[in-house]
Structure formats: structure tokens, C-alpha cells
Engineer: 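Take a look at the following structure, please.
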Amino acid sequence: MRSHVTKSLLVMAGVGFAVFVLVMIMDLGEVIAQSTWGGEGSSLAGLTDFWVFRFLLNILGYASIVVPAAILIRYIKRSNFLERTGGKGCVYDLVKACVYGTADELPTAQQDIEAPAPAPSRFPRWAILIFCVVGLQGSYLTWGVLQERIMRHEYGGTEDEPAEKFKNSQFLVFVNRILALTIAGVYLSIFRQPRHGCPMYKYSYASLSNVMSSWCQYEALKFVSFPTQVLAKASKVIPVMLMGKVVSKKSYEYYEYVIAALISVGLSMFLIAHGPDDEKKSTTVTTFSGILLLAGYMMFDSFTANWQAELYKYKMSSFQMMFGVNCFSCLFTSAALLQQGGFIEAFSFMIRHQLFAFHVFLNSICSATGQMFIFFTINQFGAMVFVIIMTTRQALAILLSCIIYAHPVSVMGGFGIGIVFLAMFLRVYASHRMKQKKVRQQENNTGVKV
């Protein structure tokens, strides 16, 4: 696994270096120009609000946790710390759980224990399915609308409250993660779970990439419309496939490459046809920044998905994964916010604009509730039903955003959207057919009905 991580980090570092070279050539020039002609005091404000500057500050904040922890873990492993402690005491247990894990101590039978199966429900299956559909659609459609409201629109604008936008994406990530951590912790304390065997520090890889993908997602809304972001998320199957080859050495069917190509064509048609918003004319540079941030989101998110797949080999439950990842996410984001004064900035904004505080709280509730519905839906109906529901949700999210915020969509852009979602439904159908084919082949080979 270490070699996979090294290769993935090298890929991410190479892409990141290329991004920063391009950004420093194109984007920084605009910031300096705006700072030069923007009036007195605009230079410092322009540079501190520059997304690359914020990104670098976030990296420094994360590094203040990651670097000392990596040095400590390296020291513990090289110095045979556990042997010197004599195998007793709370320090031994803590180091064992955080650095080595307890998977080697579990009996073989217990290692194969999955999360407890759901108890038979007294409600009919169709009622449970409707409950899952309404829960997922309601949570994530509301979450999407609130995301766009918070990041792209101003608060205030009255005589008593001057209009201003909230700029600190890191704080939004923190609030979402702290609530998800609380919900996962409460669930784990109530319901029986498999015994945990994964070294705790391994969650930090998925956590760091998850935090950075969420930050890129929020930050991208400053430069691109929400429909563009949703389509970019729909096309993340492409970087997921690339990361799957790098991290897990996965192989893919031919139809998956065809579907990836269709998604790329549809997304390209939408981006070419999608004109700048009427409210805010986009320049080439701001569009370039949005595309880079979306690319960062997809890259980090695809690494998160593949790394979590590796962690599930420890036979943990979804809520154990949720707790472990969000625990490190809260640690990383709080460290960055404390060093940058982000908490003071965010709470001051909340005091000035109570509506913003309500939106942030509701946004976090929807995010955490959505995660609960994801686990429940997959547990009850499987991944196929879940994918169909979420694919439909993405189409509804674009429609809802265009209605509420009046985004213009041309005929060519509409065809692009149609091609993307057609490819996604074809992917669901082809995947289902391939699974059925494999089951029939297994039945023919073994003579046992699966």
C-alpha cells in the first residue's frame, strides 16, 4: 500500500505543480492588475483573497499537523517503541491503535464480521424506498441550493448592513465535518459495530484529500456556475478510473471507457455553449480558475474514494469510516482556521448576518443527513438503486439551480447536459448487465445458483 500512496502523491504533486505554474502566469497577473488600479488598500486585500494564496495557507496549516505526526510515526516504527513499553499501559494501547492497528489481534472469524444486517422492517419495501428517495433528494437538493447561495451571492445590502460575500471556504468545510463527526460518534456509541482494526493514522490520507476536495468544491463556486460544477462532478468517473489504475491497479471494461468519452463530449459541449452569467461577466482568467479548482476537486475526491476502498479491507463499518475520516478532517481544518484567524472572521460574519448563520447550519444538517441516507439506502437496496437516485438528483439539481438563480442554458448546452446524463444511465445499465453476466457464468461453472 505504501508504494501505491507514493505513486499517487507523486501524481498529485506533478499535477499541482503544473496547476500553480499556469495560475501564476495567468491568474496572478489579474490579481496584481486589480490591486494596482483598485484603489488604496486594495493590494493586500486582493492578494489575501486570491485563491492560490488561500490554498497555500491551508497547506501550511495542514502541514503543521502532518509533518510532526509523520516524524513521530516514523520514530515509533524505527525505534521498536512498543517492545520497549513492555506491552502494557494506556500509552501502549494508544500507540498500538494509532500506528499499528489491532487487525493482527483479531480472530479470523471476527475479521470477517461485517456491520450488523438491518433488522426486518414492519414497513413495506416500497415505503422504505420512497423514504430513501425523499431523504436523499431533499437533503442534497437543499444542500446544493444553499452552497450556491452562500458562495455566489451577497448578504446584507440594506442601509444597516452593507452587502458582502462570505469568502472563507475552509470554515464551511469545518462546520460540515464537525457535525458529521458528532452524528457518527453518537451512532457508534449506540449501535454495535465490528471491532476496529485499522491503524488510525491511515484515515488521515482520505481525510486530507477529502478536505481539499471539499475546499476546491466551495471555492470553485466563486468562478463557475452551480450547473457547471454539477456536470464536472458527474464527469469525475474519468479521474476515478485514472486514480483506480494508479492506487489499486484496477482494470476496467471497454464500455466504461466509451462512457467516459461520452461524458467528456457532453461536458465539453456544455462548457463551450455556456455563456457567462448575466450578473457577473466571467473573464477567461476567472473561468480558468474555476476549471482548475474543479479539476482539483475531482482529483482529490477520486483519491479519497480509492483510498477508502483500500481501508474497507479492514472490515470496518461505514460509520466507523465516517468517524475516522471526519475526526482527522476536523483536526486539519481547525488547525488551518486557527492559524489564519478564520474562526474570528467567520463568527464576525455570522454576527453581522444572521441569515448566513442559518444557511451554514442548515447546509451542515443537510450534508450530515445526506451521508446517513447514503449508508441506509445502500444497506437496504444496494449500490445500484443508490446510483440511480443520485444520478437523478444531479439532473434535478441543475434544473432547480437554473430556476432559482436564473442560469442561462443554450440549446447546445442542453444537449451537452443530456449526453452526460445519458452516459451516466448507460453506465448504470451496463454495470448491472455485466454483474448479471458474471453471476450466470459463476452458476454455469459451479452448478450452484447464486
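All values derive from a computational prediction rather than experimental measurement.
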Engineer: Would you call the rings of W215 and W51 parallel, tilted or perpendicular if under 30° counts as parallel and over 60° as perpendicular?
Structural biologist: tilted
Engineer: Using atom types as modelled and distance alone, determine if a side-chain donor or acceptor of S367 lies under 3.5 Å from a backbone N or O of N363.
Structural biologist: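 Not a single qualifying donor-acceptor pair exists.
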Engineer: Side-chain donor-acceptor pair under 3.5 Å between R152 and Q147, yes or no?
Structural biologist: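 No, Q147 and R152 have no side-chain donor paired with an acceptor closer than 3.5 Å.
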Engineer: Would you confirm whether the ring centroid of F356 sits within less than 6.0 angstrom of the ring centroid of F166?
Structural biologist: yes
Engineer: Taking atom types as modelled, is there a side-chain donor on S209 or T304 under 3.5 Å from an acceptor on the other?
Structural biologist: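 A pair is found: one side chain offers a donor N or O, the other an acceptor, under 3.5 Å apart.
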Engineer: Under a 3.5 Å threshold, yes or no: a donor from one side chain and an acceptor from the other, between H196 and Y314?
Structural biologist: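 The answer is no; no qualifying pair exists.
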Engineer: Does the Q320 side chain pair with the main chain of P194, one donor and one acceptor, at a distance under 3.5 Å?
Structural biologist: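 Between the backbone of P194 and the side chain of Q320 there is a qualifying donor-acceptor contact (under 3.5 Å).
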Engineer: Hey, are the side chains of K222 and L293 touching, using non-hydrogen atoms and a 4.5 Å cut-off?
Structural biologist: no
Engineer: For I130, look at atom CD1 and say whether over 12 heavy atoms of other residues, nucleotides or ligands are found less than 6.0 Å away.
Structural biologist: yes
Engineer: Using a cut-off of 6.0 Å, state whether more than 12 heavy atoms not belonging to Y312 lie near its atom OH.
Structural biologist: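 Yes - once you tally the heavy atoms of other residues, nucleotides and ligands closer than 6.0 Å, there are more than 12.
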Engineer: Are H153 and Y405 packed together at the side-chain level, in the sense that at least one heavy-atom pair is separated by less than 4.5 angstrom?
Structural biologist: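 Contact flag for H153/Y405 side chains = yes.
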Engineer: Indicate the ring-plane relationship of W143 and Y140, choosing parallel, tilted or perpendicular according to the 30° and 60° boundaries.
Structural biologist: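 Judged by the thresholds at 30° and 60°, the geometry between W143 and Y140 is perpendicular.
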Engineer: Would you call the rings of F343 and F174 parallel, tilted or perpendicular, taking 30° and 60° as the class edges?
Structural biologist: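 F343 and F174: perpendicular rings.
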Engineer: Might you work through the side-chain hydrogen bond (donor to acceptor under 3.5 Å, both in side chains) test for S207 and S329, ending with a clear yes or no?
Structural biologist: CA-CA 5 Å; S207 174; S329 297; 2.8 Å; yes
Engineer: Tell me if the centroids of the rings in Y187 and F323 come within less than 6.0 Å of each other.
Structural biologist: no
Engineer: When you measure from the side chain of S401 to the backbone N and O of I398, does any donor-acceptor pair fall under 3.5 Å?
Structural biologist: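 Side chain of S401 to backbone of I398: no pair is present.
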Engineer: Between S169 and E219, do the side chains contain an N or O donor and an N or O acceptor separated by less than 3.5 Å?
Structural biologist: yes
Engineer: What is the ring orientation for Y205 with W307, classed by angle as parallel under 30°, tilted 30 to 60°, or perpendicular over 60°?
Structural biologist: tilted
Engineer: Go through it in stages, so that I can follow the logic: the residues are Y218 and N176, the test is side chain to side chain contact (heavy atoms under 4.5 Å, CB included), and I'd like the CA-CA distance, side-chain angles, deciding distance and then a yes or no.
Structural biologist: CA-CA 12 Å; Y218 280 113; N176 287 348; 2.7 Å; yes
Engineer: Are Q217 and L294 close enough that some pair of their side-chain heavy atoms sits under 4.5 Å apart?
Structural biologist: no
Engineer: Ignoring hydrogens and angles, tell me if any N or O in the side chain of T377 forms a donor-acceptor pair with the backbone of I374 under 3.5 Å.
Structural biologist: no
Engineer: Taking the six-membered ring of F332 (Phe, Tyr or Trp), confirm whether the NZ or CZ of R177 is under 6.0 Å from its centre and within 45° of its axis.
Structural biologist: no
Engineer: Under a 4.5 Å cut-off applied to non-hydrogen side-chain atoms, are N326 and Q371 in contact?
Structural biologist: yes
Engineer: Going by distance alone, is a donor N or O of one side chain under 3.5 Å from an acceptor N or O of the other, for N210 and Q308?
Structural biologist: no
Engineer: What do you reckon, are the aromatic ring centroids of F319 and F191 less than 6.0 Å apart?
Structural biologist: no
Engineer: Do side-chain atoms of R125 reach the backbone of Q380 as a donor and acceptor pair under 3.5 angstrom?
Structural biologist: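 Yes.
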